[in-house]
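Letters A, B, ... mirror the listed sequences (proteins, then strands); counts begin at 1.
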Amino acid sequence: MKLKAPKFKYENVLLIDDNELDNFINQKMIEAHHFSGRIYTNTSATSAIEFLNNLLVIQPVPDKLWPEVIFIDINMPLIDGFQFVEQFNSSFRKSMPDTKLVILTSSVYHEDRVKAAEISKDMQFINKPLNANALLSI
Amino acid sequence: MNTEATVPINIVHLESLGTDAEFVAQELNKSGLNCCIKVVRSAPELKQTLREWKPGIVLSDHSLPDFNSLEAFELCKKHDPDIPFILVTSTVSEEFAVSMMLAGVDDYILKDRLQRLPASILSAVKKASTNKEKEPYRREIAVQEKRFRALIENIADAIILVDKDSKIIYNSPSVTRITGRSSKDLIGFSIFDFFETEDLAGAKEYFIKSIRAPGQPLQNEYKIKHADGRYIWLEGTINNLLHDPDIEAFIINYRDITERKNTEEVLRRSQATILSIVSHADRGYILLNKNLEVVSFNQVAGESFQRETGLNLTEGILPLEFLNDIQKELAKHHLDMALTGEKTFLELQFGEKTESPNWYHINVFPVVQEKGETLGIILDTENITNRKHAEFEKEKMTSEIVQRNKELEQFAYIVSHNLRSPVANMMGISYLLKDHSSLNRQELQKCLDGILASMKQIDEVIIDLNYIVQKKMQVRENMEIINLDSLVSSVKELIGVPDDDSRIRITTDFSEIGQIYTIKSYLHSIFYNLISNSIKYRDPHKSSYLRIKSSVNNKQVSFNFEDNGLGFNLEVYGDKVFGLYKKFHQSISSDGKGMGLFMVKMQAELLGGKISVESKENEGSRFTLLLPIST
């Protein structure tokens with residue numbers, strides 16, 4: 001589906017997934033649907049957090065660069081998706097309250113969905129693969 | 001006539017006629033008897049003289065004005081029962097004289113035959129003095145006799161005297177008390193009359209024994225019938241004193257032991273009952289005293305003890321000594337509780353020496369006296385080894401089931417993640433390819449590669465899951481002798497590690513054991529995973545190595561896989577390293593799905609072995625694989 005509107009829904013998004021193929025597919029999907037102008041990718045939660053900290057240094061109140069949507073995979077080594085969400089909420093939520101966190105996972109395990117709701121009520125939970133409807137809902 | 005008396009004899013003459021008194025005096029003078037005569041005429045005079053003069057003899061006429069010789073004699077006897085008294089008279093009949101003699105008068109002399117008088121006086125006086133000498137002895141004898149009589153009459157033991165014809169000639173009062181028969185029913189009867197027919201032979205035998213053993217006391221027990229009809233038991237001693245001239249009888253003394261016999265009988269019966277319960281039970285009973293030493297025990301306890309310790313259970317043993325320190329403390333605690341009067345129990349293994357010591361359930365009971373004092377402890381033991389083993393089996397099964405469930409849960413989790421992941425990717429790629437105009441050539445290629453990679457991933461997960469599901473079914477099949485050097489070579493080839501690989505140097509040392517008999521595919525998979533892990537997680541800043549060494553002891557073969565790679569934090573991750581799909585490092589290569597070590601663990605266990613790991617972050621890891629030697 002090709003959106004005719006030249007304007008993007010969001011300026012910046014951040015993809016966090018340890019699997020490069022996943023990041024590639026997600027990125028391509030976002031591009032195809034003109035979901036976002038700029039797409040950041042990280043392959044680990046740690047490097048993502050570092051990245052976000054750097055953004056804050058560059059621009060104390062960043063609105064041009066800051067990702068409005070962050071897609072996170074659950075299944076990642078060392079620090080998994082849930083842990084990232086917790087860390088994000090404690091570190092960045094105050095300064096950037098509007099950032100949308102989206103769990104993007106291949107898991108159909110019910111427990112994961114429950115856990116996501118426990119951590120953050122408003123957090124969206126999307127099953128891979130990312131598609132148009134999913135992107136619309138964000 | 002010569003007189004022998006050196007001391008003058010004081011004579012009191014009771015005579016009313018003065019002339020007769022003269023005649024007597026004359027006669028005595030003529031005889032030369034050394035004497036002194038005092039004549040009295042009345043009772044009061046006599047009395048007075050007796051009192052004051054202390055005469056050695058009294059002569060008396062019969063008929064006196066106010067009283068007669070008999071009365072005089074009585075009077076004299078009253079004063080002194082031993083004083084000699086001679087009747088000197090003319091007017092009595094023979095009968096009277098004889099009766100006076102019988103009464104105790106020493107002699108009577110007719111007045112017209114006074115010649116006899118001096119001699120009579122002498123002999124009477126002599127007799128009196130001899131009697132006086134005997135007096136203390138007589139008194140002594142009387143006292144003794146009284147004493148013995150008192151003894152015999154009053155002791156609880158019964159005494160009977162039996163003559164040579166077995167007739168009872170005497171019975172003490174206790175006989176009546178014990179047998180209910182009075183003397184008139186005893187004396188003159190044969191002692192055998194009181195035995196029942198069945199006991200008669202035994203009684204007679206004892207009698208005969210006693211006849212043959214004079215002077216020897218023989219003791220025995222007898223049963224006789226009481227006067228009221230019941231049977232009583234007696235314990236008696238018979239002593240044959242027929243030969244003793246003073247006794248000439250059998251002395252039998254006995255006591256009533258009926259109560260004792262009854263008590264004994266009751267005790268014997270209850271003992272027999274308890275004994276039969278105790279010896280037929282399959283429970284061991286041990287009685288301990290307050291010092292926790294063995295006092296007694298039943299057969300089962302003795303046998304068990306022998307079996308467990310190789311020693312015989314005996315009195316005085318301290319069972320505590322046969323326990324190890326931990327058990328000793330536990331046991332002592334319970335024994336002390338029992339000593340305070342409290343019932344308790346414990347379970348422990350007894351007999352550390354044997355290979356598989358038996359389990360015992362021990363009830364600990366205090367033995368309490370009526371007043372409340374604890375006398376000892378009873379240990380009531382039961383061998384519960386079978387029950388314990390059943391418990392252990394059940395526990396083992398339960399934990400196995402729990403383990404299996406956990407694995408199934410993991411399985412479900414894995415399926416939902418690792419199977420779904422490549423599927424989701426392929427779906428994503430399909431969407432992208434639907435309108436591939438937005439993709440450049442490079443990106444297109446990436447998509448196609450991605451499809452292939454995903455398919456491979458799915459395939460491998462399916463294969464891996466197959467292993468998990470099959471579990472322990474195929475262990476015995478496909479076992480062969482595997483040469484370890486060849487195995488490592490083929491694994492390296494599969495991974496793609498040339499011998500001179502710059503990434504890592506792999507060295508092997510199979511000098512201790514170079515071959516193993518096991519399932520090739522499993523061992524291959526284990527080696528494959530461990531070697532590829534070491535390569536994958538090597539430290540790029542170091543000159544990496546992996547050393548594989550085999551060693552063997554009598555039960556097992558062990559393989560050490562030691563590398564100097566990145567290692568991981570063992571304290572933090574510990575067991576999880578062998579968990580399904582656990583990765584502790586960033587994907588060094590994108591196909592690291594973390595299933596390898598889970599497979600390694602399962603395959604090792606399928607072969608009956610174990611795998612463990614030691615690791616330090618940034619230093620390296622050492623995996624140790626243990627496999628049993630199978631024949």
Taking all non-hydrogen atoms of both residues, which atom of B:A424 and which atom of A:P129 are closest, and how far apart?
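Distance-wise, the nearest heavy atoms are O-CB, 3.5 Å.
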Give the minimum heavy-atom separation between A:I25 and B:N425, together with the two atoms involved.
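Heavy-atom minimum between the residues: CD1-O, 3.4 Å.
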Do other residues, nucleotides or ligands put more than 12 heavy atoms under 6.0 Å from the [atom1] atom of [X]?
X	atom1	result
B:K542	NZ	yes
B:R505	CZ	no
B:Y431	OH	no
A:Q124	CD	yes

Within this structure, what is the [atom1]-[atom2] distance for the pair [X] and [Y], rounded to the nearest 0.5 Å?
X	Y	atom1	atom2	answer
B:L433	A:K28	CG	NZ	12.0 Å
B:I429	A:M29	CD1	CE	11.0 Å
B:S421	A:D17	OG	CG	7.5 Å
A:N131	B:M427	CG	CE	8.0 Å

Is it the side chain or the backbone of A:N26 that comes within 4.5 Å of chain B heavy atoms, both, or neither?
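Contact with chain B is absent: no heavy atom of A:N26 under 4.5 Å.
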Report which part of A:D73 has an atom under 4.5 Å of a heavy atom belonging to chain B: side chain, backbone, both, or neither.
neither
Look at the side chain of B:R420 and the backbone N and O of A:S106, then say whether any donor-acceptor pair between them is shorter than 3.5 Å.
yes
Please classify the contact of B:S454 with chain A as side chain, backbone, both or neither, using a heavy-atom distance under 4.5 Å.
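For B:S454, the contact with chain A is made by the side chain alone.
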List the steps, then state whether side-chain contact (heavy atoms from CB on, under 4.5 Å) holds for B:E443 with A:F24.
CA-CA 9 Å; B:E443 286 168 340; A:F24 170 72; 3.8 Å; yes
